[in-house]
Amino acid sequence: MSELVDGDLRGNAREVPLILAIPEPARRPGDTPDFSSLKFSNAGEVRRPEVSDAPETMYDLATGLIRVLDDEGRAVGPWAADIDKDTLLSGLRNMMLTREYDRRMMLDQRQGKTSFYMQCTGEEAISCAFRMALSDGDMNFPTYRQQGLLISSGYPLELMMSQVYSNSHDPLRGRQLPVMYSSKEYGFFSISGNLATQFVQAVGWAMASAIRGSSAIAAGWIGDGATAESDFHSAMVMASTYNAPVILNIVNNQWAISTYQAFALGRSATFAMRGSGFGLPSLRVDGNDFLAVYAASAWAVERARSNQGPTLIEWVTYRAAAHSSSDDPSSYRPKDEALAWPLGDPIDRLKRHLIAVGAWSEKDHDELLVSVQDQISRAQAEAESYGTLRNGPKPSPRDIFEGVYAEMPNHLRLQRQEAGY
Amino acid sequence: MSELVDGDLRGNAREVPLILAIPEPARRPGDTPDFSSLKFSNAGEVRRPEVSDAPETMYDLATGLIRVLDDEGRAVGPWAADIDKDTLLSGLRNMMLTREYDRRMMLDQRQGKTSFYMQCTGEEAISCAFRMALSDGDMNFPTYRQQGLLISSGYPLELMMSQVYSNSHDPLRGRQLPVMYSSKEYGFFSISGNLATQFVQAVGWAMASAIRGSSAIAAGWIGDGATAESDFHSAMVMASTYNAPVILNIVNNQWAISTYQAFALGRSATFAMRGSGFGLPSLRVDGNDFLAVYAASAWAVERARSNQGPTLIEWVTYRAAAHSSSDDPSSYRPKDEALAWPLGDPIDRLKRHLIAVGAWSEKDHDELLVSVQDQISRAQAEAESYGTLRNGPKPSPRDIFEGVYAEMPNHLRLQRQEAGY
Amino acid sequence: MPTMTMIESIRDAHAVAMEADETVVVFGEDVGYFGGVFRCTQGLQKRFGKTRCFDAPINESGIVGAAIGMAAHGLRPCIEIQFADYMYPAYDQIVSEAARIRYRSAGDFTVPLTIRMPVGGGIFGGETHSQSPEALFTHVAGLKTVIPSNPYDAKGLLITSIEDDDPVIFLEPKRLYNGPFDGYHDRPVIPWSKHPLSEVPEGHYKVPLGRAAIRRPGSAVTVLAYGTMVHVALAAARDFNIDAEVIDLRSLVPLDLDTIITSVKKTGRCAVVHEATLTSGFGAELCSLVQKHAFYYLESPIERIAGYDTPYPHAQEWAYFPGPDRIGHALSRVLEG
Amino acid sequence: MPTMTMIESIRDAHAVAMEADETVVVFGEDVGYFGGVFRCTQGLQKRFGKTRCFDAPINESGIVGAAIGMAAHGLRPCIEIQFADYMYPAYDQIVSEAARIRYRSAGDFTVPLTIRMPVGGGIFGGETHSQSPEALFTHVAGLKTVIPSNPYDAKGLLITSIEDDDPVIFLEPKRLYNGPFDGYHDRPVIPWSKHPLSEVPEGHYKVPLGRAAIRRPGSAVTVLAYGTMVHVALAAARDFNIDAEVIDLRSLVPLDLDTIITSVKKTGRCAVVHEATLTSGFGAELCSLVQKHAFYYLESPIERIAGYDTPYPHAQEWAYFPGPDRIGHALSRVLEG
Ligand SMILES: Cc1ncc(C[n+]2csc(CCOP(=O)(O)OP(=O)(O)O)c2C)c(N)n1
Ligand SMILES: Cc1ncc(C[n+]2csc(CCOP(=O)(O)OP(=O)(O)O)c2C)c(N)n1
Ligand SMILES: [Mg+2]
Ligand SMILES: [Mg+2]
């Protein structure tokens, strides 16, 4: 293309034509999956610094991978904490509930009961274990793939489903796209359709907590792709400058719709390294390892709660399902890539750990699955009785006009009257 | 303020009230200046890696400070290159021209010949030496404090002044605020009033150069304060992802109007570290050391030109003058802080080096100053003959309507007619 | 002549423009390998190579900012914002930069840039996949704003936009991508192939900016519409038996004021239709122009039929959408007034 | 009663609001130690402490985004954008977030946030220190947009805005900061102390949103104005000897439509004045409302006197600015029409 170069763009010493680099995933549809370019540590390999250590001594944590569960399901290394069996079992249940919930809602979307749905298959450990490390009163600023936070906090499943169905019991009165839940009471900030905006809002919430001398901390959530957004930077700057009590979570599930993580990552080896550039302790953690997630979360929670400031965490995982009900990943990645994911499945791994330590059996597991499926079915039946997007009772069109402002201004009242609602 | 805490914000294990950290400069008006918190290397101390070294082996360069000139004016260490005398003398002249130009324009602003002016006093080495390391055809995307780039490229001073005066010879036809120059021919992109936008535009220009197989590279410029802006991030992401042939320059002059650099910097030790978070080689350089600036610039230029990708450079300097003609720094920093700046004055340091190596004398310097002042005076007289903002010939009001689009649309033609121009 | 959907004709416009001019480059989120979430750039990467059509990080400001830099270098970028609802992070680069660089540099640098984005509702997309932000562009001097209503115009206008030397905002009514939509959401979808304006010439042709099209001549009332609402307005005229003159504006800036005023002087009545929220929508500008230039011809107040001044709701989409019924009743008011 | 400049009354409003409510926090670029480049927050950090009034990194999106998070926590942030021209990087947080969080969460979270920003020209600020982007806010459902024209209103409206439970965009005409300005740039500056509306009560008082003020009763034509243009319109009426009824809107959303329509029905004529660019400016909305609600009373077309559809130029500032002369001639046209 050298005929395109203007004469005046040529300098003296310019022999080499410049080249634009375009990232490309290792494998595309039809290829055999291959994750060999990703660097993972072994379970137990990464050190565990004190929460009070100076951030600049911790930059190595941004390139390793904190893992606790080894291939035999044993908990090993410095991040292996003594977590009681009940906690682990409730974590297992929460993950399974999340997965069954997703399965059911996806099915309902396919059956036309709603317009849209998004699963978090394969990523359940991250939100479920993280939520268990938080306290009530703390606030999450989630993306659309942290339904596990709500489920782990005991939020009524039938209300989640009612939101997905946009039915007459939808707490958001039909206004929001399915999965865009909101619950102040359960520490779950209203989800935005615009990527990354929540990340800096989380920092602001944490700043407010500090301004008010409260002890509640905040957690921001973002996907690997969305770290490219500007508000990722805003959040890092604000958190770093004001030492805000916030945990900034990057869920790196390798994909952003059809775009491989390398487009957001660029030349850096890991997303966690972004935090080092802001002087923040930054952990890179196996997001499919419930025990690692729990331990790293608890570590960051302690840091924030004790006025030692923000922590950035990159959770390494894989988006096993489609991006959303509108997406078909088989057109941009190998069909069986999820199965080849080297960090396995989080539910399976926790189950094997529990069996390995003698706290669980295949039979227990089967029974739990039945119980979980039963719980989902009952919630679903209840939610459907309140209507779905296509059938049954619905939020009122009057609701279109309400809640735009605290009090309805005249011009909206007029529009409502003209509309006849 | 604990009565402010809502009951429901309290968790279980929350003894410690959280605290918001607000950065504060070491000294305020009335205090004795103190820069002891800044970490500087000695001249010659920082190593010089090969341009082709792997970025991840270079992160130490982001925390050191590349310096060449020692306290005796000698050029020492691995970054001391063999620069011929003429280059250094023309660098000296360019810096002095820049300083005298600033002095004169500031005076003219005070005398009402224009509305506004911005000096770069103390920062001259950065743009002057950098420009000398570039080739014609390369493109800068500057901020308002890189007049040294234009001056060093031989752009006519009377045209710069005409822009400042918004007079009848103003190449920008009176449309732009003073100092917002533009010259494609001289490799100087149109300056924007909105901070940081140019940083990612520079990356785009470099990407285009690579797409077209050209060999011209781009340089983006940004202030320490403006690194907090979102487009700083956009630039880093784009440059890192596409390995764009661009040099990303942060001019850290310690202040952003009244705001100390720590508000943008946060917990990180240096601005250069931001680059490490993107896997980019990142240099931290004494910006008041002409030889260091030249050497580091040449290194980064070679990297970009040879398809090895972007380099981030933090130039450490001090904004010796007010932010702009509208600002009075004595209300937010010690009056004599500039004098206490540990890295000295760039003109003075290059002069002492030239004297130390026997290539210059006080007398030569005095003569050069006279010649520079004379050049400025002649240019000024010429520019003023074309009018100033308050007196003499001016751009036409017709110009308001032209150049909004390539061709004037009907609605604008109508407005111009109605306006009577 | 082949018939095409709007997606196909947009894809074709890209290919024609890229074939004709090596400086045309295309990029955006998911537009490279995958070909865009609406598939409007499918096949381009394969055909023109990875440096002519490529994926981008999710950073709208960065995408537009980089495109501005490319344009300053002499390329002609045509970029996609995945949904218009996601253009806000890029708004500074669009308003403060793309729109003003020619002016502020006195022509030293220019920005021949096309920014495509899907707009409008009707797909149960909720508040962040349904917006129509055209008025946020028409207020900005230095931008052109274009919105086609059919495959023929989409291709011709997109080629014109890419070849234009100024930044053009190219709005694509997503509800029209796969077929014309007259607002009756509960009736079967009609394919584009049944619509005459799906006949799209092969190769290069242009539809000029600033030229409206009269889609239905009439004498009772002038209806100003664009994008999806052209089809809905036509349905309203048909079903309410109103002899409306329906004008498809096609480009909002520059605007074809002559066609508008000539029509209003003939009909003596006027209504404006858009999906965007009413207050300060582009309909307000149209009203103001019509009342100024045809004041003494107007027999009744100009009506605006628009989105309500609320966010775009999900479940209540069809109560919110200005459908044929709402338009029909408004037109009746204009006729009675 | 003390007289105050607009800067002083804004400063005072902050102090009163912060004193009354511990949840009010103030931050922005240079607003802490220094007290803001226009000194509107001077003294607040000293008086209320560093966690109630503080400096911010230069990141408008971050400032607004963090403020939204704080508001969700229960604080009432009042933040400054240094110039309205620099709000664009925050536009996504304002439009997609602040404006919609109450709605999308069905009241679960709310955003009691005030965003102050200086607007308008007249200080030789060039294209990026002169803009008037009010229409970019009035188009957005969920925002309120307020713009005072004098010290009394500035304090009362700012207190009301801070205490309001929804996001309020508070626009401060910077050319009025230090004195009323009637558009005659070459005449000596008059200090606020000579103007009756510089008398500002001490302590707490409110001026309600959505209530316009008639600054000059008249019978010949209704002039709708806000901010600086109120003073310029009054000068035009005086110097062209026109019995205009000059209405100071004070808040654009919510709008005092009653006062406007009552006046137009009385005068039968109307003109709208603003500094913002004409096309799709807020004047278009006002025109549309007036022609709809007072159609049968109007005797001539409504005129808009506004900024030209170009960026704001530097040297030609006074040719660009809609001064008393341009307004006077337009009013004469309205009277003749
Ligand atoms: C500002 C903005 N730009 C673009 C989109 C469209 N979009 C929705 S999800 C998505 C991909 C996000 O990927 P990632 O952050 O990795 O999260 P994941 O879906 O993998 O959980 C994109 C581009 C959006 N919602 N908002
Ligand atoms: C988007 C935007 N926000 C705010 C401003 C106002 N402003 C102009 S210069 C400046 C300080 C910039 O400081 P820094 O980046 O350190 O550059 P320096 O002036 O020190 O060279 C600010 C806040 C602006 N011009 N643009
Ligand atoms: Mg992802
Ligand atoms: Mg600075």
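Just so it is clear: chains get the letters A, B, ... in the order the sequence lines come, proteins before strands, and each one is counted from 1.
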State yes or no: are the ring centers of A:Tyr181 and A:Tyr155 separated by less than 6.0 Å?
no

Could you look at A:Val203 and say if it's the side chain, the backbone, both or neither that has a heavy atom under 4.5 Å from chain D?
neither

Pick out which of A:Phe130, A:Phe188, A:Phe232 makes a ring pair (Phe, Tyr, Trp, His ring centres under 6.0 Å) with A:Trp221.
A:Phe130

Is it true that a side-chain atom of D:Thr160 and a backbone atom of D:Val207 form a donor plus acceptor pair closer than 3.5 Å?
yes

Tell me if the OH atom of D:Tyr297 is crowded by more than 12 foreign heavy atoms within 6.0 Å.
no

Charged N-O contact under 4.0 Å between D:Arg211 and D:Asp248
no

What do the steps show when you test A:Phe189 against D:His73 for ring-ring contact (aromatic ring centres under 6.0 Å, His included), and what is the final call?
CA-CA 10 Å; A:Phe189 188 73; D:His73 194 289; over 10 Å; no

Heavy-atom distance under 4.5 Å to chain D: side chain of A:Asp399, backbone, both or neither?
backbone

Distance-only check: which donor-acceptor pairs under 3.5 Å involve side-chain atoms of residues 55-66 of chain D, not counting sequence neighbours?
unit_1: D:Asp55; atom_1: OD1; unit_2: D:Val31; atom_2: N; d: 3.2
unit_1: D:Asp55; atom_1: OD1; unit_2: D:Gly32; atom_2: N; d: 2.7
unit_1: D:Asn59; atom_1: OD1; unit_2: A:Ser234; atom_2: OG; d: 3.3
unit_1: D:Asn59; atom_1: OD1; unit_2: D:Ser61; atom_2: N; d: 3.2
unit_1: D:Asn59; atom_1: OD1; unit_2: D:Gly62; atom_2: N; d: 2.5
unit_1: D:Asn59; atom_1: ND2; unit_2: A:Ser234; atom_2: OG; d: 3.1
unit_1: D:Asn59; atom_1: ND2; unit_2: B:Ala228; atom_2: O; d: 2.7
unit_1: D:Ser61; atom_1: OG; unit_2: A:Asp231; atom_2: OD1; d: 2.5

Relative to chain A, which segment of D:Ala72 carries a heavy atom at a distance below 4.5 Å: side chain, backbone, both, or neither?
both

Counting only non-hydrogen atoms closer than 4.5 Å, does A:Ser192 touch chain D with its backbone (N, CA, C, O), its side chain (CB onward), both, or neither?
both

For A:Phe278, does its backbone N or O pair with a side-chain atom of A:Ser240 as donor and acceptor, under 3.5 Å?
yes

D:Met70 and its side chain to side chain contact (heavy atoms under 4.5 Å, CB included) partner, picked from D:Val25, D:Ile79, D:Thr23
D:Val25

Specify which of A:Leu172, A:Thr197, A:Asn194 makes the most heavy-atom pairs with chain D at under 4.5 Å.
A:Thr197

Side chains of A:His323 and A:Arg145: any donor to acceptor distance under 3.5 Å?
yes

Residues of residues 95-110 of chain D under 4.5 Å from chain A (heavy atom pairs)?
D:Ser96, D:Glu97, D:Ile101, D:Arg102, D:Tyr103, D:Arg104, D:Ser105, D:Ala106, D:Asp108, D:Phe109

Give, as side chain, backbone, both or neither, the part of A:Ile400 having an atom under 4.5 angstrom from any heavy atom of chain D.
both

Measuring heavy-atom distances to chain D, does A:Ile191 have an atom under 4.5 Å in its side chain, in its backbone, in both, or in neither?
backbone

Turns out that what part of A:Ala406 lies under 4.5 Å from chain D's heavy atoms comes down to both

